[in-house]
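Worksheet: one structure, shown below.
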Amino acid sequence: MRFRAAVMGTFLLVTLACAEASAQAAPPSAKARQAAVGYANQGWTAYRARRYREALQAFRRAEATVHAPTFLIMVARSCHKLGRLTEARSVYQLIVDEQLPADASQAFQQAQTEARTELEAVSSRIPTVEITVTGADSGSAQVALGGQDVPQSTPVARDPGSHTLAVGAPGRRGLTKEIVLKEGMRAKVEVDLAAGKVRIESDRTARGAGGEPQPLGPGQVAADGSAQKGGEPLGPGQVAADGSAEEGGDAADGRPSPRSTAVVFTGLAATAAGTGLGVAFVLLSNGKASSQQRLLEPACTDPARCPGLDLREYNDLGHAKADLANAAVWSFLAAGAAGLGTAAYILLTGQPDARDATATGLSVIPMPGGLVLSKRW
C-alpha cells in the first residue's frame with residue numbers, strides 16, 4: 001500500500017505541475033504542489049472509504065494550497081455526500097463561473113463540464129420553504145429559520161433535515177415549530193399569529209435524473225490532468241475525478257469488491273470447516289477410546305493378561321482412536337492456516353476502517369484464537 005501511494009503521489013506531482021502551468025501565469029512552487037498532492041491523496045482515500053468529512057477537509061486543504069477545478073469538484077462532491085446540498089451548489093457554481101484560460105488543460109475543462117451537469121442535478125434536490133405570516137401585526141413579524149432571519153412569502157433554500165421555525169411579533173407570544181425538509185420538497189408554511197397555529201403544505205418534486213454524482217467511466221478525465229482516451233481504463237497510480245482508483249480491486253464507494261469479499265468468505269468457510277472437522281474427529285476418537293476401555297474387565301489393567309478379552313478387537317479400536325486423533329490435529333492445523341491466510345489477505349488489501357461510522361463494508365478483525373466478522377447494515 002505504501003508503494004502504491006508513492007507511485008500515485010509521484011505521478012500526480014508531475015501531471016499537476018503541467019496542468020497548473022497552463023491554468024495560471026505563475027505556477028505554484030514544487031513544495032506547494034507536493035503539499036497539495038499529499039492532501040489530495042488523503043482526500044481520495046477518505047472519500048473511497050466514505051469518510052466524507054475527512055475527505056472534505058483534505059480536498060479543501062489541497063484547493064487552498066494549489067487551485068485546481070479537479071480539487072474543487074471533489075470539495076463539492078464531498079459536501080453533496082454529507083447532505084450539505086446548498087454548500088455543494090455554491091462550490092459547483094464557482095467552478096462553472098470560473099473563466100479558464102484558452103490553454104487550460106483538458107482535465108480542468110472536463111471538471112467544469114462535470115460541475116455544470118452536477119450543479120443542475122443538485123439544485124433540483126435542494127428543498128425550499130416559503131413562509132407566510134397572517135393575523136394581527138403580521139407585517140411587523142420577525143421570521144427565523146434555523147436561527148437565520150428569512151423574508152416572508154419568498155422561497156428560501158435549505159439543506160434536507162430538521163429546521164426550527166421561529167416567528168415573533170411585538171406584544172405577542174412567539175411561535176416555534178420544527179420543520180422537516182426532504183430532498184426536492186417545495187414547502188409552504190402559513191403562520192396564523194392570531195390563532196397561534198402553523199399550517200404546512202408540501203409538494204415534493206422528483207429528484208431528477210443524475211441526482212447523485214456518478215463515477216467517471218472509460219474515456220473520461222482523471223483528476224491528475226490526464227485524459228483517458230479511447231476508452232482505456234485508468235492505469236496504476238491514476239485517480240478518477242470522483243475519487244475512485246483502479247487500485248487493490250476495491251470499489252469507489254469504500255465497499256469491498258466482489259472478488260475480495262469472495263476471498264474473505266472462502267477463507268472463513270475453510271477455517272470453520274477445518275475447525276468443525278477437528279472437533280468431530282476428537283469426539284470420534286474419544287468414542288473409540290471409551291469403547292476400548294469398556295472391553296477391559298474392571299480388575300484388569302493389562303490387556304495381555306485379561307482372560308476372555310478379544311485382543312484383536314481391542315487393538316483395532318486403539319488404531320482407530322490414533323488415526324482419528326491424527327486427523328483432528330491435521331484439521332485444526334488446516335483451519336489455523338486458512339484463518340491466518342485470510343487475516344493476512346485482509347491486512348494486505350486494506351479493507352475499510354471498521355471504526356468509521358459511515359463505513360458499511362465488510363470488516364474482519366483478527367483476534368487471538370480466531371477472527372471476528374462484522375458488517376454494518
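Counting only distance, with no hydrogens or angles, the side chain of Ser90 and the backbone of Ala88 share no donor-acceptor pair below 3.5 Å. Ser202 places no side-chain N or O within 3.5 Å of a backbone atom of Arg186 that could act as its donor or acceptor partner. Checking side-chain atoms of Ser290 against main-chain N and O of Asn286 turns up a donor-acceptor pair under 3.5 Å. Using a distance-only test at 3.5 Å, with no hydrogens or angles considered, no donor-acceptor pair links the side chain of Ser123 to the main chain of Glu120. Within the 3.5 Å criterion, the main-chain N or O of Gly339 finds a donor-acceptor partner in the side chain of Thr271. Checked by atom type and distance alone, the side chain of Arg33 never pairs as donor or acceptor with a backbone atom of Val66 at under 3.5 Å. A side-chain donor-acceptor contact under 3.5 Å links Gln112 to the backbone of Glu98.
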| task | Before giving the answer on side-chain contact (heavy atoms from CB on, under 4.5 Å), spell out for Val191 and Leu165 the whole-Å C-alpha distance, their side-chain angles and the decisive distance to 0.1 Å. | result | CA-CA 10 Å; Val191 181; Leu165 170 65; 4.1 Å; yes

| said: Run Met185 and Ile179 through side-chain contact (heavy atoms from CB on, under 4.5 Å) and show every step you take. | reply: CA-CA 12 Å; Met185 177 182 288; Ile179 300 177; over 6 Å; no

| said: Run the side-chain contact (heavy atoms from CB on, under 4.5 Å) test on Leu56 and Val75 for me, step by step, so that the C-alpha distance in whole Å, both residues' side-chain angles and the decisive distance to 0.1 Å come before the verdict. | reply: CA-CA 6 Å; Leu56 176 60; Val75 171; 3.6 Å; yes

| message | Could you go through Leu119 and Gln93, starting from their C-alpha distance and side-chain angles, then the distance that decides it, and tell me whether this counts as side-chain contact (heavy atoms from CB on, under 4.5 Å)? | response | CA-CA 7 Å; Leu119 172 61; Gln93 192 67 58; 3.3 Å; yes

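For Gln109 against Ala102, the heavy-atom pair with the smallest separation is NE2-O, 4.4 Å. Between Pro170 and Ser140 the shortest heavy-atom distance is CD-OG, 3.6 Å. Considering all non-hydrogen atoms of both residues, Thr342 and Gly267 come closest at OG1-CA, 3.1 Å. Here the closest heavy-atom approach between residue Ala62 and residue Ala40 is recorded as CB-N, 4.0 Å. Scanning both residues, Ser153 and Thr132, for their nearest heavy atoms gives OG-OG1, 3.6 Å. In plain terms, the two heavy atoms of Gly278 and Phe332 that are nearest each other are C-CZ, 3.4 Å.
Under the 4.5 Å side-chain heavy-atom criterion for Ile, Leu, Val, Met, Phe, Trp and Tyr, Val91 and Tyr39 are members of distinct hydrophobic clusters. Ile200 and Leu181 end up in the same hydrophobic cluster when Ile, Leu, Val, Met, Phe, Trp and Tyr side chains are linked at under 4.5 Å. Side-chain heavy atoms closer than 4.5 Å link hydrophobic residues (I, L, V, M, F, W, Y) into clusters, and following such links, possibly through other members, connects Leu82 to Ile95. Grouping the Ile, Leu, Val, Met, Phe, Trp and Tyr side chains by contacts below 4.5 angstrom, directly or via other members, places Val282 apart from Leu284. Val198 and Val180 end up in different hydrophobic clusters when Ile, Leu, Val, Met, Phe, Trp and Tyr side chains are linked at under 4.5 Å.
Remark: Arg89 CZ to Ile126 CD1 distance equals 4.0 Å, nearest 0.5 Å. Once rounded to the nearest 0.5 Å, the distance linking OH of Tyr92 with CD1 of Ile73 reads 6.0 Å. With rounding to the nearest 0.5 Å, the separation of CZ in Arg77 from CD in Glu114 is 5.5 Å. For the atom pair CG of Asp316 and NZ of Lys321, the computed distance is 13.0 Å after rounding to the nearest 0.5 Å. For the atom pair NZ (Lys31) and OG1 (Thr65), the distance works out to 11.0 Å, reported to the nearest 0.5 Å. Interatomic distance, CZ of Phe59 versus OG1 of Thr70, reported as 9.5 Å (0.5 Å rounding).
Between Arg199 and Glu201, at least one side-chain N (NZ, or NE/NH1/NH2) sits under 4.0 Å from a carboxylate O, which counts as a salt bridge. Ion pairing between Glu183 and Arg125 holds under the 4.0 Å rule for side-chain N and carboxylate O.
Using a 4.5 Å heavy-atom threshold, the side chains of His80 and Leu85 count as touching. Contact of the Pro160 side chain with the Lys182 side chain is not registered, since no non-hydrogen atoms from C-beta on lie closer than 4.5 Å.
With sequence neighbours left out, the side-chain contact (heavy atoms from CB on, under 4.5 Å) criterion links Gln142 to no other residue.
The stretch residues 55-64 participates, sequence neighbours left out, in these side-chain hydrogen bond (donor to acceptor under 3.5 Å, both in side chains) pairs: Arg60-Glu87, Glu63-His67.
Ring pair Tyr47/Tyr52: centre-to-centre distance below 6.0 Å.
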